[in-house]
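Presented below is the structure to which this report refers.
Lettering follows sequence order; numbering is per chain, from 1.
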Amino acid sequence: MTDEELRTEVRAWLAANWKNDLPARADQWTVGPEQRAWLAKVVEARWAVNRWPSEWCGRDLSDAQAKIIEREFAAVKAPGAGQDRTHLYAITALTFGTDVMKAALLKGMLTGEINMCLLYSEPGAGSDLAGIRTRATRDGEEFVVNGQKVWTSGAATADYGMLIARTDWDVPKHNGISFFFLSMKQPGVEVRPLRQVTDESHFNEVFITDARVSADFLLGGLNNGWRVLQTALAYERSVMGDGARGPRRAGDGAANDLVALAREAGKLDDPVLRQDLAKVLSYRRLNALNNARAKADLAQGTSSSIMSLGKLAMSRILHEEARLRTALLGAGSLLDGEAFPRADDANFLTLNAYFTSIGGGTDQIQRNIIGERVLSLPKEPEIDRTIPFRDVRAG
Amino acid sequence: MTDEELRTEVRAWLAANWKNDLPARADQWTVGPEQRAWLAKVVEARWAVNRWPSEWCGRDLSDAQAKIIEREFAAVKAPGAGQDRTHLYAITALTFGTDVMKAALLKGMLTGEINMCLLYSEPGAGSDLAGIRTRATRDGEEFVVNGQKVWTSGAATADYGMLIARTDWDVPKHNGISFFFLSMKQPGVEVRPLRQVTDESHFNEVFITDARVSADFLLGGLNNGWRVLQTALAYERSVMGDGARGPRRAGDGAANDLVALAREAGKLDDPVLRQDLAKVLSYRRLNALNNARAKADLAQGTSSSIMSLGKLAMSRILHEEARLRTALLGAGSLLDGEAFPRADDANFLTLNAYFTSIGGGTDQIQRNIIGERVLSLPKEPEIDRTIPFRDVRAG
Amino acid sequence: MSTFTAEDRAAMAESVRRLLADKGDEAALRRAMETPSGYDAALWAELVELGVAGLIIDPAYDGLGGGPVELELIMEEAGAALLAAPLFASGVMAAALISASGDEGAKERLLPGLARGRIATVALTGDAGTWTPDGVTVGAHSHGARAFLDGTASFVLHGAAADVLLVVARVDGGFGIFEVAKGTPGLEITTLPSFDRTLRLTKLDFHHVPATRLGIAGWDAVEAMLKIALVALAGEQAGGARRVLDMTVQYAKTRIQFGRAIGSFQAIKHMAADLLLEAENATSAARHAAQQLAGGGEADEAVYLAAFACADAYSKIAADAIQMHGGIAFTWAHPAHLYLRRARADAQLLGAPPYHRERYLQAMGA
Amino acid sequence: MSTFTAEDRAAMAESVRRLLADKGDEAALRRAMETPSGYDAALWAELVELGVAGLIIDPAYDGLGGGPVELELIMEEAGAALLAAPLFASGVMAAALISASGDEGAKERLLPGLARGRIATVALTGDAGTWTPDGVTVGAHSHGARAFLDGTASFVLHGAAADVLLVVARVDGGFGIFEVAKGTPGLEITTLPSFDRTLRLTKLDFHHVPATRLGIAGWDAVEAMLKIALVALAGEQAGGARRVLDMTVQYAKTRIQFGRAIGSFQAIKHMAADLLLEAENATSAARHAAQQLAGGGEADEAVYLAAFACADAYSKIAADAIQMHGGIAFTWAHPAHLYLRRARADAQLLGAPPYHRERYLQAMGA
């Protein structure tokens, strides 16, 4: 099929099927019935994952042709195409899953029938993700899973979770981990909302007690989970933009908003605060310029090294912006809540800035990554890298 | 002898001998003939090292009685008493030296006939002092020394240097070091002034080529040098106050001087610089308050943990003061030299602040020390601590 | 002058520390902060029993007669435990203001009650929250033999719980201190939502509220009160900073990642070392200010130094403590954020660091 | 508009890089900085040969016709090598000021010479060193048909070596640009000792010095020159920052202490990571400012951002580089301090960061 024929076909299909009348999604973790119905149509018509083999809902198209389709969908604001680039869970399933698993789950994931979550971090394995202690023990054709996961978004509504669990305790820590799709809808899985420092609850703790998962739902083979995880994390980085939130209300216009705040607070002519204002505004601007330059420099794809710098930069931006907002408000920052939205913004940001400086790798871990991967500085000696995990200190 | 008898005796002696007419010393490294003559009198009359045994110029006095003598000397501004507390080299010699060595050198050190220097650091052993590679090889009743030392003050005028050198390469690094008194006045010792970043030359490099030292001048026994060094360093810390220099001209009145500088520069009413001025002044004041509190808290002696904090604080004080001076001068800080003394002060301090933040243990090493010794945080794994020094990486 | 010996002081601090460890621990604090009053009346009664409420009140009025040095020390304990109680509002600000008023009748009438735990507070600044003459937005005027107040005061600590309100108001081109009893008609009290949930901030609206002026005291008395209150606040900050740092260092010794205690990594160890310097600075500054103020001489320089140095140190330590803990401190259940909230509040109450830095320079003639 | 292609630009930058690596290395720099002129005439001749002196001069006047983008790129190379030469004074400031003057006669008379390496410089600010209208302390007055200058200009780069001085002077309540030839009677040139020994700063005293005004150009032309000069300076800073960071990272990989490369310790590694962010910021800011200025639109915001962001980044990186090297960088023989001296100078030339931050805010209407 020529590019032109393809374009004609997808345009015709969209013209016939797309009404642009989907309601807004209730939250980011679930897909409503109208969305599901539409996605089912898209998957049925094989527009969802065009680069994939026809066996798995795809069309075996080249990247260039797939992009034609995605552009047509984007032109009319129709969702659902290009999931072979954006659907982290489905990509991981396709790459590493067994045929049994793919047959059972792939289509449902693409149509939004099956909701997913990530079961990676544990209370004892934060910065050191390879230190997980959730165990999966073979029992015939199944594995029995016990342990505790944390910082899980969307766990309450998820049907399956991408789980890393330890399957061998007698080898070094990276070598004894396996990667599963665990059903969340079974008695051994208990989800408890986690109250955050901001008094929100966007995350959950997940307690897993004798939960079961079929060996068919093991991805990438036994004890190969660390490699699967690295690939999944790389997908995740390339898919997700910078998810850092500013103040609850400020939205994107942060620069204008800060200047407006200074003006409202009667501090726009305070020479000391003006210097701070210029610094904070510059941090955000410089980060945007860095990102633009990185994008221009790179022919294709994204580089995790640039992402690492951007994340570190964003930590500083958010913490410094929180300090500036506080200083601009003065005693007004003592107040809080809906009745004092400016204070509430400053307060929220003061705490939520840690989401960026701690979450997804602390600033300290990011500096290691930048130092080692970008600047090629030598790694620290790792005392637990080569010893059996059973002998590694925990606490 | 009662305290009163002792007091009477020393007063009488001072009345009879002390004329308070010594000329000022030319520099801190050498003692002039008038000083030497006076010190010889003090040593002869056994007032120099009262706590020491009579065999070694002392009187076997208690600390309390020794202090009586020191107070009387201080009251008339006569130097020379209390060298058992202040003469780093003599104390080290008395504690660890052989009788042969003590007989040869002790008295001369106390009278200022024998000048000393420290041969510790090497180009390859800065933060990691135990990594020294200067070697001392046994040759009959002597050792033959080869290597290079650096950051040596007073090397040009010194008669002897306190030297650490490696005497065993087949044991872990701390276990193969020996401590010597090396004669500087021999052909194998070449002293070259080291031009510092400030364009001064207060330090030297010392090149040692087949220099010789008698086994009698080995302190504390073979391969026990690390322990001797630790004791000597502790003496040094307790003897030396904070030697950090401010600007070349500012002297002690740093607070007044900064305010005066701001006034001269017409910046005393600049609100932004006033904030910085208050911060810098507060750093110095807070450090003084910390030191005063530490002294009040401690019944006796000094604690190296407090010294460590003070040194780290002083680094910040000096670097921040340099930045403030630069900001106050603005473009005036581009200039330099005697004709522009304010600029020269700011420039000198900008560079000389590193003397404190690098010299005597970098800020980074100080933070390790504070973390480990004061806060009891665990040490890092040390990969070279237990292997033969021969196998340790160098560079 | 305080007649406390060093032993007296240490014993009192020890008693308060034990009481707070026993009945003012984190669980108790969290319970108290969810109540309308924001404090545990039973714990307050025990503190009163120890004499804390009357610590700086003259023995002639049933207080302990302590001075800034004793107060600072006790506030270190209160700060370490994040005490939620009317101690600062009543035992420090109100007690100091009444004492400084020079009105013997008011002292006799009010101070013994305060020493016994009756609650008073001080209304000083308006919505601008500056704690300066400029910031006062209540005015007093005479109507016959009586005075009446109009206007607004905000950021008033424990205004809803207080039996007695001491209101700083403009009068005749200067300032006066006025006593208003709880429930006086025309007085409207609104509790303000506070980011530090262990605080109770209120706004007072005065509509022709009858009030009694305390003698002829004016801004000098307010200034005297502010100095002792700043010293108390500095002590609270130094104590809080020390405690949250201790907690963090302890965690760094026991939390294992990569097979090692995280405190063995330089990233954490060096932060801890820097923070120790900040904590020592805060303690030195707070205690020095207390000594200078107790000495009766010119204490402005020391007080303002303590005000900004302690605020900056506590803010930095509490903020870095969360970072050093990592994810665990991003949860509501972990106490680190309670310290950050308090540090952030303390850095604004009675004026923010830049203002105190300005006054520090002025105090040294610069 | 520049007609350079991306390939032209890359090729030119590569030529300059090679030349500087070959004949402008540290040893050559140290030799040059000890000479009275402060630069190596042979190296300058080779740079002129490459077209660098006339990079931003219109081809009509024998220049290459490059714009801010090309200039910024070449200045990155010059900054990386700490080039000591009249490039900035003559090829940037003087060339830009003449070009902006609108005086066709002056352009024809002066620019071809500059492109061929003749040296000119700009005298703008007095002893205050502000590079603002306020800072100008030379005045011009007419005497018959001629103009005469009186007063003082300072911080003039390469004033002693320059054949032509372009002097900004007050005239008739505004400003004019005046040409003064080397050796004109009444002109006194004093070389000032400079902390950055690779710079040559001079002070010019004018005593009734005859001068030729360039057309009717006033402060607008000065402002236009300052913007392109700030972009050039930003490029120099970005280039210097990058190079000294590279040197430091390289050292951290090879310097062994405690049996490990010091760059394996978090203390050093994390400093390096933070500095990389600063270096990337500086490069982005300098290049963005160049693009905006080349685009011909409103570039103020981008230019002032680059001015303070690059100055701050370079100052921090050069300062931390010494700390990361340790003792070796405390010696005169090590190059790190040369970068610190240059960074410190660049942060003052044409105005210090706080001033640029102020203008940045003003440019965005705040």
Side-chain angles (χ1 to χ4, degrees), chain A residues 255-256 258-263 267-269 271-294 296-297 305-306 308-317 362-382, chain D residues 245-246 248-256 258-289 291-292 301-302 304-310 312-313 353-366:
Chain A
N256 293 337
L258 279 175
V259 173
L261 172 60
R263 191 173 282 124
K267 300 287 175 62
L268 196 53
D269 57 356
V272 178
L273 289 171
R274 282 180 70 82
Q275 289 288 312
D276 293 338
L277 177 60
K279 283 182 200 169
V280 172
L281 292 175
S282 77
Y283 293 148
R284 203 175 266 281
R285 188 89 186 92
L286 290 168
N287 191 44
L289 293 176
N290 276 348
N291 288 339
R293 187 160 62 86
D297 282 357
S305 68
I306 301 290
S308 305
L309 265 186
K311 183 170 184 302
L312 190 61
M314 191 52 70
S315 287
R316 178 164 76 170
I317 290 166
T362 62
D363 283 357
Q364 286 67 39
I365 293 289
Q366 289 304 118
R367 291 191 183 96
N368 273 353
I369 291 172
I370 295 165
E372 290 163 18
R373 297 196 200 157
V374 186
L375 295 172
S376 303
L377 288 166
K379 291 171 83 74
E380 283 202 281
E382 290 175 83
Chain D
L245 176 58
D246 285 349
T248 306
V249 168
Q250 197 50 41
Y251 184 73
K253 289 177 190 172
T254 51
R255 168 73 172 176
I256 310 287
F258 306 103
R260 295 161 52 178
I262 61 170
S264 71
F265 288 100
Q266 288 183 334
I268 298 295
K269 185 178 292 175
H270 290 193
M271 282 175 95
D274 284 336
L275 296 185
L276 178 66
L277 177 57
E278 298 294 330
E280 295 291 355
N281 282 349
T283 303
S284 292
R287 293 186 184 174
H288 175 67
Q291 283 153 9
Q292 292 299 106
E301 189 181 318
Y304 295 119
L305 172 64
F308 72 80
C310 294
D312 288 339
Y355 168 71
H356 296 305
R357 274 193 284 274
E358 216 4 276
R359 296 211 59 175
Y360 172 63
L361 285 188
Q362 288 164 15
M364 59 172 69

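Between D:Lys269 and A:Arg367, the shortest heavy-atom contact is CG-O, 4.2 Å. Closest heavy-atom contact between A:Leu377 and D:Ala252: CD2-CB, 3.9 Å. Minimum interatomic distance between D:Ala366 and A:Val259 (heavy atoms only, all atoms of both residues): CB-CG1, 3.7 Å. The two residues D:Asn281 and A:Arg316 make their nearest non-hydrogen contact at ND2-NH2, 3.7 Å. Taking all atoms of both residues into account, the shortest heavy-atom contact from D:Arg357 to A:Gln275 is NE-OE1, 2.6 Å. Of all the heavy atoms in A:Pro378 and D:Lys253, the pair that sits closest is CD-CG, 4.3 Å.
The closest side-chain heavy-atom distance from D:Leu361 to A:Leu268 is not below 4.5 Å.
How far CG of A:Asn290 is from NE2 of D:His288: 11.5 Å, rounded to the nearest 0.5 Å. Note that OH of D:Tyr360 and OG of A:Ser282 are 6.0 Å apart. Values are rounded to the nearest 0.5 Å. The CG atom of A:Leu286 sits 5.0 Å away from the CG atom of D:Leu305 when rounded to the nearest 0.5 Å. Interatomic distance, CD of D:Glu301 versus CG of A:Leu281, reported as 9.0 Å (0.5 Å rounding).
With a 4.5 Å cut-off on non-hydrogen atoms, D:Glu278 touches chain A through its side chain but not through its backbone. In this structure, the portion of D:Phe308 lying under 4.5 Å from any heavy atom of chain A is its side chain and not its backbone.
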> Yes or no on side-chain contact (heavy atoms from CB on, under 4.5 Å) for D:Asp312 and A:Lys279, after CA distance, side-chain angles and deciding distance?
Replying inline: CA-CA 11 Å; D:Asp312 288 339; A:Lys279 283 182 200 169; 5.6 Å; no

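Screening A:Asn287, A:Leu309, A:Val374 for a side chain to side chain contact (heavy atoms under 4.5 Å, CB included) with D:Glu280, the sole residue that qualifies is A:Leu309.
Contact count versus chain A (heavy atoms, under 4.5 Å) is highest, among D:Ala273, D:Ala309, D:Ser284, for D:Ser284.
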